[in-house]
Number of protein chains: 4
Amino acid sequence: MTTDPRVQRTQQRLRQALAELVLQQGYESISIRELAAQAGVGYATFFRHYPSKDALLLDLLQRSIQEMARLLPPGLDADPAEEGRLIFVHAAQHQQLYRILLSGGGALALLEEVQAAAVAEVMRRFGRQTAPAIPLEILAHHLVAATIALIGWWLQHDQPYPPPRMGQIYAELIMRPFLALVGQERG
Amino acid sequence: MTTDPRVQRTQQRLRQALAELVLQQGYESISIRELAAQAGVGYATFFRHYPSKDALLLDLLQRSIQEMARLLPPGLDADPAEEGRLIFVHAAQHQQLYRILLSGGGALALLEEVQAAAVAEVMRRFGRQTAPAIPLEILAHHLVAATIALIGWWLQHDQPYPPPRMGQIYAELIMRPFLALVGQERG
Amino acid sequence: MTTDPRVQRTQQRLRQALAELVLQQGYESISIRELAAQAGVGYATFFRHYPSKDALLLDLLQRSIQEMARLLPPGLDADPAEEGRLIFVHAAQHQQLYRILLSGGGALALLEEVQAAAVAEVMRRFGRQTAPAIPLEILAHHLVAATIALIGWWLQHDQPYPPPRMGQIYAELIMRPFLALVGQERG
Amino acid sequence: MTTDPRVQRTQQRLRQALAELVLQQGYESISIRELAAQAGVGYATFFRHYPSKDALLLDLLQRSIQEMARLLPPGLDADPAEEGRLIFVHAAQHQQLYRILLSGGGALALLEEVQAAAVAEVMRRFGRQTAPAIPLEILAHHLVAATIALIGWWLQHDQPYPPPRMGQIYAELIMRPFLALVGQERG
DNA sequence: TCCTAAGCGAGACGGTACGTCTTGTCTTCCA
DNA sequence: TGGAAGACAAGACGTACCGTCTCGCTTAGGA
C-alpha cells in the first residue's frame, strides 16, 4: 500500500475534479485531458493512477459508498416508515452520488454491484423465514429494484415530497406488500 | 417520404448490421466504420441516412416496438395473471430487443421514452378512480418500473420459470398491491 | 497508383514544409506536429502518407535527385576540369539538397545509397581497363568519397572559390591521380 | 575536484553500459532508462553526471581518443607506407571506437572536431613549404577526409586486406599525390 | 571515532511527441 | 447525376521518454 503523500494528493485531486466535471457536463463527455487540467495535474499522470476514466469513477463511487455505509444507522427495520424516511434523507444528502449512480453512465456496473449486495443482504435477513409463495430471490430483487426506482423518480422530479412523506409511501407501496409476501407460506 | 428502393435497402442493411454487431460486442464499442463495413455500405453513406449511431438504434428499436405493439393482444387487464403471462411470452419472443433496451447502453433514452409512455397509459387507465392515498404518478411509475425490473431479472437469469408462473408472480407481487392502493381513498 | 489530386497536393505540401523547416532548424528537431502545422495539414494526415519523418525525407530527396539526374548533361568525362566545373555549378544550384544530404541527419542512409550508385557507375566505366595496382573498388570508392568531401568542404565554407577554380582543383587533386592509378598495371 | 570513489565508479559504469548497448542496438535507440538499468544505477543518477546521452558518448569517446593518442607512436611521417600500416593496425585494434565515430550517429560533432584537429595538424606540419598550386587548406582537408573514408570502407567491408597492404594503398592513393601537390609551386 | 555532507536508489511528476483511432464533412470518381 | 469511396480536419487515446524534484538511506572523509 502506498503511503507517499503525493500519491494520495494526486488521486484526491483527480476524484475531486471528476466530481466537479460530472455535475457540469455529465460523465461521458469528459475527456481525460480535461480531467487532468481541472485537477491541476499532468496528463500522463492520470494514467499512473487509473487505467481509465471508468476506473476513476469506480474509485470515487466506492469511496463514497463506503463513507455512506459508515454513516447509515443500523437497525433500520423496526419501523418501515422511519426506515424509509432515513433512506430519503440520506438520498437527499448524497444527491450527487445517487445521481451519478442512477444516470446509467459508466457507473452502471457499479450500480449492479451495489444492487446485488443489497439483494444478498435482504435475502440474508429474511432467509430464515418459512418459504414464501414467491421465490425469495425474486422478492428481494423486487424490493431493491423498486426502492432504487422510487429514489430515482424522487430525485429526477426534484424531491416533490419531503422525506417523511416518501418514507410513508415506501412503507405502504414497497415494504408492506413485501412483508406480506415474505411471511406467506406457499399454498 | 422516400420511396427509392435503394434507400430502403441501405437502411435495412444498416439496421441489420447494427442488430448483428450489438449481439456480438455490445453497443458502445461499435464504431460507425465497423457498422458500414458490416452492412456492406460506404462509410459516408451512413451519415446520409442517420445523423448518429444512436439515431440508427432508435430507428431499429422503434420499428421493433411498433411491430410488437401490433402483435400485442388488446384487453389484457381482465385477469392480471393472464396479462402477466402474455407479457412474459412476449418478452421471450422478442428477447433480443428487450435485452438491448434493458442493457443500459445507448438505448437508455429510448427506454425512458417507452417507460414514460407506459406510465401515461397507466395513469390514463386508472385516473378516473377516486384519489388514492399515494399519488397516482408514483403508483404508476412504480408499477411500470417494477414490471420492467422483473422482466430484466427473468431474462438475465435465463428464464428460470415458465411464463405462466411469472404471470402469477407478476399478479401477486406487482398487480395486486397496485390495485389495492389505487382503489384506496386517502384517509 | 493514386491519381486523386488531393493526395498529390497534400504530399507536395508536406515535402515543401519539410524543406522549409530543415533549413530553419535542422532535421532532427522537427516534430511531426510542427511539420503538419507548417504544411497546413491535419496531424493524422501525415501518417496516411508517410510512415515516419525519415520516409518523407527520403521521398523529398529521391525526387530531387531524380530531377537532378535529368538535368545533368551527359558525356562529362572528356575534360576533367570542365567536368569538375559542371559538378560545382550543379552543387551551387542545388545547394539546399546537397546540404541536407551531407548534414549527416536522417538522410545518411540515402547518401550511402547515392554513393554506392556512383561507385558502381565509376567501376562500370573503368572496369574494362587492365587490372590496376590498387583494387578498382578502392579506387572508385576513393574517387567518389573525395569528390563528396570536396563538395561538402566547399559548401560549408560558403563557396570561397568559383566553380571553374574548383573544377581545376578537382581535376588535379582527385581526377589526375585517379586516372594515373587506374591506368597503371599491377607491378 | 571530486575524489569520491563512488562518483568515479558510477561514471565508469555508465560509460561501460553505453559501450555495451551501442554494440547491441546502435546509439539512437538507447533510452536513458535503459542505460541506467544496464549500468545498475538509478535513473536520476544519470543526470547527476551527464546532461544528456550525447555528453556521455562524448566523454566515452574522448577518453578512448586520449588513450589512443598515448599509444600512437610519434614520427610516423618518415615512410608513408609504414605510417599507413600503423594507422590501419590501430583502426583494427580500436574497431569499436572507430565504428561509433564513423557511424554518423550522435558522435558526428565529435568526428568533425577530431577531423578539424587533424586538418590543423597537417597544415601546421606542411605550412612552411612554398605555397602550393592548390590551397593548403583544401589539400589538408582532402588528405584527412580521404584517409577517414578509406578506414571507413575497410572496416565496413570487414578488413578485406591486411594492414600492410592497406598501408601501401594509403601511400600510393593518398600520400603520394598529396606530397606531389604540396611540393608543387603555383604556376 | 563520530558527524556532517554528499552520493545514491527510488520513483512521482509535468511536459511533450508518438502513432492509432474515431467522428462528421467534403471532394473526387464512377456507373 | 447521384451514390460509393475515401481523403481530410480535429482531436482523444494510451504509451514512452525526458529532465526535475523530493524523499530517505547509506557512505565518505574531515573533525
Side-chain angles (χ1 to χ4, degrees), chain A residues 2-11 13 28-37 39-53 55, chain B residues 4 6-7 9-10 28-37 39-55, chain C residues 2-11 13 28-37 39-53, chain D residues 2-11 13 29-37 39-53:
Chain A
T2 309
T3 55
D4 192 324
R6 289 173 299 174
V7 170
Q8 303 310 318
R9 196 177 53 110
T10 294
Q11 294 187 0
R13 283 182 175 189
E28 297 295 347
S29 77
I30 301 172
S31 78
I32 293 180
R33 295 201 122 81
E34 218 175 342
L35 238 169
V41 144
Y43 170 67
T45 298
F46 175 89
F47 296 98
R48 285 190 199 108
H49 296 277
Y50 298 100
S52 68
K53 213 172 52 169
Chain B
D4 192 325
R6 286 173 300 179
V7 171
R9 196 177 53 109
T10 296
E28 297 295 347
S29 76
I30 300 173
S31 78
I32 293 182
R33 293 201 122 82
E34 217 175 342
L35 240 167
V41 145
Y43 170 66
T45 300
F46 175 88
F47 294 98
R48 262 183 234 114
H49 297 277
Y50 296 100
S52 67
K53 211 172 54 170
D54 282 13
Chain C
T2 310
T3 57
D4 192 326
R6 289 172 298 176
V7 171
Q8 303 308 319
R9 196 177 53 109
T10 295
Q11 294 186 2
R13 284 183 174 185
E28 297 295 346
S29 77
I30 301 173
S31 78
I32 293 181
R33 296 199 123 81
E34 219 174 343
L35 239 169
V41 143
Y43 170 67
T45 298
F46 175 88
F47 296 98
R48 279 190 209 106
H49 296 277
Y50 298 100
S52 68
K53 214 173 49 170
Chain D
T2 310
T3 55
D4 192 324
R6 287 173 297 174
V7 171
Q8 304 308 319
R9 196 177 54 111
T10 294
Q11 296 187 1
R13 282 182 176 189
S29 76
I30 301 172
S31 77
I32 293 181
R33 297 201 122 82
E34 217 175 342
L35 239 168
V41 145
Y43 170 65
T45 299
F46 175 89
F47 296 97
R48 286 189 196 108
H49 296 276
Y50 297 99
S52 68
K53 211 173 53 169

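Chain letters run A, B, ... following the sequence lines, proteins first, then strands; residues in each count from 1.
Ring geometry for B:Phe46 against B:Tyr50 counts as tilted: the plane angle lies between 30° and 60°, on a 0 to 90° scale.
Residue contacts for A:Gly40: at a heavy-atom cut-off of 4.0 Å it reaches the sugar-phosphate backbone alone, with no base atom in range.
For B:Ala36, the side-chain contact (heavy atoms from CB on, under 4.5 Å) test picks out no residue, with sequence neighbours left out. D:Arg48 is linked by a side-chain hydrogen bond (donor to acceptor under 3.5 Å, both in side chains) to D:Thr45, counting only residues two or more places apart in sequence or in another chain. Not a single side-chain hydrogen bond (donor to acceptor under 3.5 Å, both in side chains) links C:Ser31 to another residue, sequence neighbours left out. Listed by chain and residue number, A:Asp4 satisfy the side-chain hydrogen bond (donor to acceptor under 3.5 Å, both in side chains) test with A:Arg6 (two or more places apart in sequence, or in another chain). By the side-chain contact (heavy atoms from CB on, under 4.5 Å) test, A:Ala37 pairs with no residue at all, sequence neighbours left out.
Taken from CD in A:Glu28 to CD in B:Glu28, the straight-line distance is 6.0 Å, to the nearest 0.5 Å. If you take OG1 on C:Thr10 and CD on C:Gln8, they are separated by 9.0 Å, rounding to the nearest 0.5 Å.
Atom pair B:Glu28:CD and E:dC21:P shows a separation of 20 Å (rounding to whole Å applied). Taking atom CZ on C:Arg6 and atom C1' on F:dA7, their separation rounds to 4 Å, with Å as the unit. As a whole-Å value, the separation of C:Leu35 CG from F:dA9 P is 14 Å. Atoms NE2 (C:His49) and P (E:dG19) sit 16 Å apart, rounded to a whole Å.
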Under 3.5 Å, N/O pairs linking protein and nucleotides 13-19 of chain F:
from   : atom 1 : to      : atom 2 : distance (Å)
F:dC13 : OP1    : A:Ile32 : N      : 3.2
F:dC13 : OP2    : A:Ile32 : N      : 2.9
F:dG14 : N7     : A:Tyr43 : OH     : 2.8
F:dC18 : OP1    : D:Ile32 : N      : 3.2
F:dC18 : OP2    : D:Ile32 : N      : 3.1
F:dG19 : N7     : D:Tyr43 : OH     : 2.7

All N/O pairs under 3.5 Å across the protein-nucleotides 29-31 of chain F interface:
none

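When each of F:dA9, E:dG14, F:dA7 is scored by its nearest atom to the side-chain atoms of A:Thr45, the top-ranked nucleotide is E:dG14.
Comparing D:Arg13 and A:Val41, the nucleotide of DNA chain E nearest to each residue sits closer to the 5' end for D:Arg13.
Side-chain nitrogen and oxygen atoms of A:Thr10 include at least one within less than 4.0 Å of the OP1 or OP2 phosphate oxygen of E:dC13.
Nearest heavy-atom pair across B:Ile30 and B:Lys53 is O-NZ, 2.7 Å.
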